Every structure is written in structure tokens, then in C-alpha cells.
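Keep in mind it's a predicted model, so treat the numbers as computed, not measured. Residue numbers count from 1 along this sequence.
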Amino acid sequence: MNERSTPSRRRHERFVADIPCRLFIPSGKKAGDVKFEAFLRVRDLSFGGAFVKSDFHFRNDEEVHIELKLPGEDLPVRGRVVRKADGGMGIAFEDLDAKSRAAMLRHGGPESHKQFHATTTKKLMPDLGVDRVSLILHLW
């Protein structure tokens with residue numbers, strides 16, 4: 001079976017990104033202490049995870065923390081390594097709350113999502129916040 005005929009396991013639309021991030025593994029001793037820390041770039045992003053460019057790999061299922069360095073805000077996300085490839089690692093997000101989804105949508109979501117939000121709030125639900133739109137898109 002070739003790659004095109006293999007069903008995708010992705011549940012979320014992925015979009016190209018070039019976002020700086022801090023990837024780290026907490027030490028578990030004192031709050032703020034880390035065992036490992038690196039400053040990398042996210043190559044693509046979705047509400048379900050990210051591909052982080054790196055010259056190193058962690059083992060699969062390693063718990064990692066990522067701080068996406070978005071304009072004017074840092075977005076902390078906890079995740080697990082699910083894929084290793086030349087050039088980086090795939091990280092599946094553990095929890096992504098409505099505030100985090102809204103920040104991702106504001107700062108780098110696909111244009112189609114932003115247009116969906118603009119149309120929905122203008123014509124159907126004027127009080128619908130971007131966090132709710134990102135939740136609708138996440139569930140869709």
C-alpha cells in the first residue's frame with residue numbers, strides 16, 4: 001500500500017508554521033527546574049499536535065512541554081513524542097484548552113478557519129468568540 005492510500009490518523013487539520021518554541025522536560029524536583037531544554041522551531045501545527053524541527057530525538061511516548069512563542073504571548077502545551085523523522089519529532093498534545101486553541105487560531109491558524117470565524121460571527125452568532133469557533137472546528 002502506498003503512502004497516499006494509507007488512511008490518515010490525523011483528527012485535526014494541519015497547517016504550515018514557522019513558530020519559535022521552547023521544548024523542555026521538567027526535572028520533577030522543584031517547580032521551574034528542568035532536566036532538558038532546547039529552543040527550536042515548529043514546522044507545522046494543528047489543534048492535535050506539532051512537528052518540531054530538531055537535530056535530536058526523544059524516545060517515543062516521552063512527555064515533553066512546549067512553549068509556543070506567539071506574538072505577545074507564550075502558549076504552554078504538554079505533549080508526547082509520537083513520531084521521529086529526519087529533521088525532527090512529531091508531538092501529540094495532551095490537553096489543549098479553549099484559550100490555547102483560540103491563541104493558535106489568532107496567531108497562525110489556516111486562513112479558512114479565520115474566514116469561518118468572521119462569517120459565523122457576522123451572519124449567525126455575533127457573540128461567538130474565537131475560542132468557541134476553534135472548539136467547533138476541533139470537533140468537526
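- Looking at every heavy atom in both residues, Lys53 comes nearest to Asp18 through NZ-OD1, 4.3 Å.
- Closest non-hydrogen pair, Phe51 versus Gly87, comes out as CE2-O, 3.8 Å.
- The heavy-atom pair separating Arg83 from Asn60 by the smallest distance is N-OD1, 3.9 Å.
- For the atom pair Glu37 CD and Arg22 CZ, the distance stands at 4.5 Å (nearest 0.5 Å).
- A distance of 6.5 Å separates CZ in Phe39 from NZ in Lys69, rounded to the nearest 0.5 Å.
- Between the side chain of His57 and the backbone N or O of Gly88 there is at least one donor-acceptor pair closer than 3.5 Å.
- In this view, Asp95 and Arg78 satisfy the side-chain hydrogen bond (donor to acceptor under 3.5 Å, both in side chains) rule, not counting sequence neighbours.
- Remark: Glu73 engages Arg106 in a salt bridge (charged side-chain N to carboxylate O under 4.0 Å, His left out) (not counting sequence neighbours).
- Heavy-atom contacts from other residues, nucleotides or ligands closer than 6.0 Å to CG of Asp33 number more than 12.
- Using a 4.5 Å heavy-atom threshold, the side chains of Ile91 and Val77 count as separate.
- When Asp44, Val42, Leu75, Leu40 are each tested for a side chain to side chain contact (heavy atoms under 4.5 Å, CB included) with Ile19, only one passes: Val42.
- Considering CD of Glu62 and CZ of Arg80, their distance stands at 8.5 Å, rounded to 0.5 Å.
- The shortest distance between side-chain heavy atoms of Arg59 and Val81 does not fall below 4.5 Å.
- The minimum heavy-atom distance linking Phe93 with Leu45 is given by the pair CZ-CD1, 3.9 Å.
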